[in-house]
Amino acid sequence: MTETRPTAPLAKVYDPHDVEPRWYAHWERSGYFHAEFNPARTPYTIVIPPPNVTGVLHMGHVLNNTLQDTLIRYKRMTGFEACWIPGMDHAGIATQAVVERSLAKEGKTRHDLGRERFVERVWEWKRKYGGVIVQQLRTLGASCDWEREKFTMDDTLSAAVREVFVRLYEEGLIYRGKYIVNWCPKDHTAISDDEVTYADHQGKLYYIRYPFVGEEGKSLTVATTRPETMLGDTAVAVNPKDDRYKHLVGKRVHLPLTGREIPIVADEVVDPEFGTGLVKVTPAHDPNDYWIGQRHKLPQITIFDVSAALNENTPEKYSGLDRFEARKRILVDLQAAGLLEKTVDHAHSVGHCYRCDTVIEPYLSDQWFVRMKPLAEPALEAVRSGTIRFYPERWVKVYEHWLESIRDWCISRQLWWGHRIPVWYCVGDDHCTIDCRKPIVSRTPPERCPHCGSANLRQDEDVLDTWFSSWLWPFSVHDWPAQEQTGRAKDLSYFYPTDTLVTAPDIIFFWVARMIMAGLKFGPGFTGSVDMAKNVPFRDVYFTSLVRDEKGRKMSKSLGNSPEPLELIEEYGADAVRFTMLYLAPLGQDVMYSKEKNELGRNFANKIWNAGRFLLLNRDQVGEAPRRGEYNTEHCDLADRWILSRLQSTLAQVNEAFAAYEASKVAKTVYDFLWHDYCDWYVEMVKSRLYGDEPADVKRAVMSRALDVFDAALRLLHPLMPFVSEELWQAIRQRASDETIMRARIPEADGSLLDRAVEDQMGFVQEVIEAVRNIRGEMAIPPSRDITVAMTAGPAHPPEVLRRYEGYMQRLARVSSLSFLEGTARPHPAATAVVHGEELFVPLEGIVDLAVERARLEKEINRVTGILSGIRAKLTNESFLRKAPEDVIAREREKESAFATSLAKLSHNLRQLSGGS
RNA sequence: GGACGCUUAGCUCAGUUGGUUGAGAGCGCUUGCCUUACAAGCAAGAGGUCAGAGGUUCGAAUCCUCUAGCGUCCACCA
């Protein structure tokens with residue numbers, strides 16, 4: 001694997017450009033992403049939310065897939081058989097639209113090609129251009145098991161769709177009927193209730209007079225936002241309890257512009273408060289009116305065609321007009337006839353197609369539906385019982401609310417691209433019976449009508465909603481229901497249920513809820529088992545954040561406010577983009593994203609890179625002691641024991657954060673450990689031993705331990721930043737040719753290496769160093785200027801102990817000599833500080849103006865005085881002493897005495913400075 | 001109309017069950033440093049009445065109520 005080894009001495013600045021593609025290709029070629037049935041290991045499975053085959057990577061994908069990859073890599077490195085199953089969705093409307101657009105450039109429509117050739121054309125398009133996103137995911141570093149890649153229109157997945165359709169039909173859970181559905185006049189198809197998005201619209205309410213039949217000059221007035229639909233009115237309705245109007249029930253009115261007469265009916269749904277309390281009823285074009293029409297057996301007059309232009313059921317002068325144009329004309333005509341009483345502003349919300357944003361038209365048509373109530377109940381139970389958990393939990397309420405008030409799912413689409421509905425109709429011949437009018441629902445195309453034997457059959461023209469295949473995804477990817485025939489039965493039982501679903505909350509209804517329903521209905525052992533835990537499609541659902549721009553707007557193509565992910569990766573590197581995303585994405589909160597934030601990740605990658613450089617350069621100088629275990633523990637001193645202890649608590653915290661899906665906390669924890677603990681403190685301390693006059697074998701032990709800890713930290717980092725971690729992991733030590741960090745183990749947290757006393761002692765050393773740095777910084781003493789420090793060494797910090805860290809304090813605080821004070825003599829004049837009761841003196845003679853030191857001390861005294869008075873207020877508060885727990889009081893007393901001591905010393909030093917000679 | 005979320009330093013956010021938090025980090029800002037891993041860096045510093053009001057408590061950024069602003073979802077009366 002020579003091509004995967006770093007070539008030259010590591011460059012000063014990390015350049016991901018050749019590193020990332022090189023490792024990805026190597027991993028994929030070596031089969032490291034692949035997972036297999038393996039009873040010796042616990043499986044951990046994620047199915048990708050299949051992106052649209054037309055899709056290109058956007059920031060939402062970056063977030064979503066980085067999270068999934070991070071989880072998968074983490075699990076893979078902690079002993080699981082981790083399997084991430086990728087794939088794509090055929091995306092009915094979206095894909096059909098793309099191909100229709102390309103046809104349009106040739107001046108053709110799909111109808112010119114006919115159904116069969118058009119569908120072939122879509123497949124061609126898919127082979128040629130589809131799946132761009134799958135390559136883009138590779139750039140991001142996604143460790144998907146590509147051998148298992150699926151497409152929702154694959155043969156096996158299509159068979160699953162037919163199986164489910166037939167079984168639901170046979171159980172009476174699928175039915176066909178003529179109902180009002182949401183019609184998209186642009187896409188020429190029905191869409192489900194959930195595919196409609198409502199937007200507020202500043203519209204008008206039009207008051208229109210309908211003259212009474214037989215009462216010249218008298219009329220009633222209805223109010224409507226959609227005057228054009230009046231052409232389809234077949235009644236006017238009033239509330240039966242409305243005293244103003246109930247006497248009108250049974251009378252008739254002239255429907256203006258049409259010459260028709262329509263009745264006045266009474267119906268409870270009419271709100272007397274709204275408008276005039278009189279409602280025009282258009283059963284074919286309004287969901288409420290539809291039901292009023294059903295109750296009163298009113299005729300349904302369809303007045304629009306599939307494009308929402310007025311049809312031949314309307315007066316000739318309006319026929320063929322678009323609905324909005326018709327509205328204008330009708331208003332003009334009503335005005336002219338004196339029938340438009342008034343027009344008032346009216347804000348209301350208008351439904352739009354979630355795909356193309358066209359205003360939805362309620363439309364009466366024959367469609368297929370799934371009865372949802374029976375499916376919803378177990379799905380509710382699965383979440384309520386905690387068999388499936390949501391992160392963050394608040395989505396449970398949203399989920400419950402939707403399922404409790406669920407409506408039937410319109411699954412038929414008037415498209416050509418998709419799973420064609422497995423239903424045939426007998427077109428018949430002379431022998432047709434009454435049964436021949438029943439649809440023939442079948443897994444495979446029937447040859448003859450079972451009733452009359454006719455071979456003259458016609459398949460239903462419609463295809464199924466795209467989500468009708470997506471909801472089967474967690475088990476259809478394993479060839480269900482044909483898993484036995486394809487040899488995937490073991491995979492199905494091993495990898496199903498999946499463990500974690502990572503998805504955006506906006507598809508909780510479309511996809512998440514329906515997958516749960518499908519899993520519980522058809523779930524394995526697929527033997528009618530009622531064991532919910534085995535049937536649910538996943539156990540945890542992680543709802544990702546929404547990615548917004550710096551102004552808080554949702555990132556979208558139409559706003560053009562989204563950075564192009566591949567450009568980001570080109571500029572910053574995939575590791576940087578991934579890390580930044582994880583760092584910014586708190587569980588359940590939206591992400592305010594901007595391109596520049598990637599500097600965080602880029603800088604971090606570079607920091608790690610340079611830590612690696614430091615190790616390599618020094619390893620070449622001093623060599624490395626032989627390794628005996630995970631960590632070399634020979635010749636440990638304070639810094640060594642401290643970094644080992646810090647590593648352990650970091651490992652534990654990362655495990656905890658992963659378990660709670662707190663990706664952002666994982667990122668912060670790893671970042672802080674590597675940057676602040678490892679680089680800022682530990683490496684600096686290692687230097688003082690490496691560059692000092694320690695014996696060679698001690699240096700080698702120090703070196704080897706520094707490498708051990710870095711090695712472990714790289715493994716911990718790998719799920720977040722796979723590329724730079726592999727590159728360095730390979731570089732810092734000889735690895736076998738088949739070794740990869742992606743299949744190495746993250747060390748288990750080892751409590752025996754945790755050492756509270758060591759961390760406390762190190763804390764003291766660090767504070768001493770910081771105190772000297774503070775003096776240097778505030779007094780603007782340049783680093784080139786030597787300073788000396790004298791400090792007291794009281795019983796808590798005896799000189800013989802402090803001497804062991806002398807080198808560290810000298811090096812890190814840039815002190816040329818450090819001495820310990822005995823007796824009562826104190827350097828004077830000097831800058832001073834108090835750390836844990838010990839006093840530090842930096843002799844100032846000739847270095848700086850004493851006034852600066854005086855100001856510095858006064859500031860510190862003020863601060864301590866403030867704290868102290870707060871503590872004393874508590875300790876003199878009787879109710880505090882009476883009611884607070886013992887340990888809290890004891891702690892306050894300790895603080896009081898420590899701060900009092902500090903204050904006394906600070907004040908004394910200030911007096912020395914001011915008054916002393 | 002119903003539900004939910006957010007409001008902490010100029011910006012983006014941490015702050016686990018109320019008390020070792022004496023409110024932190026990154027970016028930005030000021031100052032000093034190209035100190036033999038790293039200027040994509042190092043060190044120091046300034047900057048906050050924790051949205052507002054009330055309450056519970058010995059003690060509230062943290063718990064409760066209300067208010068305001070921002071955001072999201074659901075429902076919807078034509």
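The figures here come from the full heavy-atom set of this structure, side chains too, leaving out hydrogens, waters and symmetry mates. Being a predicted model, the structure only gives us computed values, none of them experimental. Residue numbers start from 1 in every chain, and the chains themselves are labelled A, B, ... in the order their sequence lines are given, proteins ahead of strands.
Ionic pairing of R756(A) and E759(A) is not present here: no N-O contact between side-chain nitrogen and carboxylate oxygen is shorter than 4.0 angstrom.
Within 4.0 Å (heavy atoms only), R602(A) reaches at least one base atom of the nucleic acid. Nucleic acid contact class of L600(A) (heavy atoms, under 4.0 Å, all strands): sugar-phosphate only. Within the 4.0 angstrom heavy-atom criterion, no nucleotide atom of any strand lies near V864(A). Among the protein residues, A780(A) comes within range of no part of the nucleic acid, since none of its heavy atoms lies under 4.0 Å from any strand. Counting any heavy atom pair closer than 4.0 Å across all strands shown, R776(A) reaches no nucleic acid atom. The residue R811(A) sits apart from the nucleic acid: no heavy atom pair falls under 4.0 Å. Residue E599(A) is out of contact with every strand shown, counting any heavy-atom pair closer than 4.0 Å. R548(A) comes within 4.0 angstrom of sugar-phosphate atoms only, judged by non-hydrogen atoms across all strands, and of no base. Q653(A) comes within 4.0 angstrom of no nucleic acid atom, judged by non-hydrogen atoms across all strands. Residue D506(A) is out of contact with every strand shown, counting any heavy-atom pair closer than 4.0 Å.
Aromatic rings from W395(A) and Y399(A) are positioned such that their centres are separated by 6.0 Å or more.
Rounded to whole Å, the distance from CZ on F614(A) to C1' on C38(B) is 11 Å. The CG-P distance, from L617(A) to A37(B), rounds to 7 Å in whole Å. Atoms NZ (K280(A)) and P (C77(B)) sit 13 Å apart, rounded to a whole Å. Note: CZ (R893(A)) to P (G22(B)) measures 17 Å, nearest angstrom. In this structure, F510(A) atom CZ and C73(B) atom P are separated by 11 Å, rounded to whole Å. Atom-to-atom, CD of E684(A) to P of C38(B) comes out at 11 Å; the value is rounded to the nearest Å.
Along RNA chain B, the nucleotide closest to T229(A) and the one closest to P782(A) are compared, and the more 5′ of them pairs with P782(A). Comparing N610(A) and W402(A) by the nucleotide of RNA chain B whose heavy atom lies nearest to each, the residue mapping closer to the 5' end is N610(A).
A perpendicular orientation is assigned to the rings of H346(A) and F274(A), their planes being inclined by more than 60° (bins at 30° and 60°).
A cation-pi arrangement, defined by a distance under 6.0 Å to the six-membered ring centre and an angle within 45 degrees of its axis, is absent between K280(A) and Y210(A). Annotation: cation-pi pair R407(A)/W291(A) absent, no NZ/CZ under 6.0 Å from the ring centroid and within 45° of its normal.
To the nearest whole angstrom, the two C1' atoms, one in C77(B) and one in G69(B), are 29 Å apart.
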Protein-nucleic acid N or O pairs under 3.5 Å, nucleotides 60-65 of chain B:
none

Close N/O contacts between protein and nucleotides 11-19 of chain B (under 3.5 Å):
{"unit_1": "U12(B)", "atom_1": "O2'", "unit_2": "K597(A)", "atom_2": "NZ", "d": "3.3"}
{"unit_1": "G19(B)", "atom_1": "O2'", "unit_2": "R891(A)", "atom_2": "NH2", "d": "2.9"}

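The nucleotide A51(B) finds its pairing partner in U67(B), both defining distances of the Watson-Crick or G-U wobble pair being shorter than 3.5 Å. Across all strands shown, C33(B) forms a Watson-Crick or G-U wobble pair, both distances under 3.5 Å, with G41(B). Across every strand in view, G22(B) sits unpaired, with no contact that passes the Watson-Crick or G-U test at under 3.5 angstrom. Pairing partner, G1(B): C74(B), with both Watson-Crick or wobble hydrogen-bond distances short of 3.5 Å.
For K607(A) against C38(B), a side-chain-to-base donor-acceptor contact under 3.5 Å is present.
Using a 4.5 Å heavy-atom cutoff, the side chains of T276(A) and Y245(A) are in contact.
For the contact set between residues 284-292 of chain A and RNA chain B, defined by any heavy atom under 4.0 Å, the members are N288(A).
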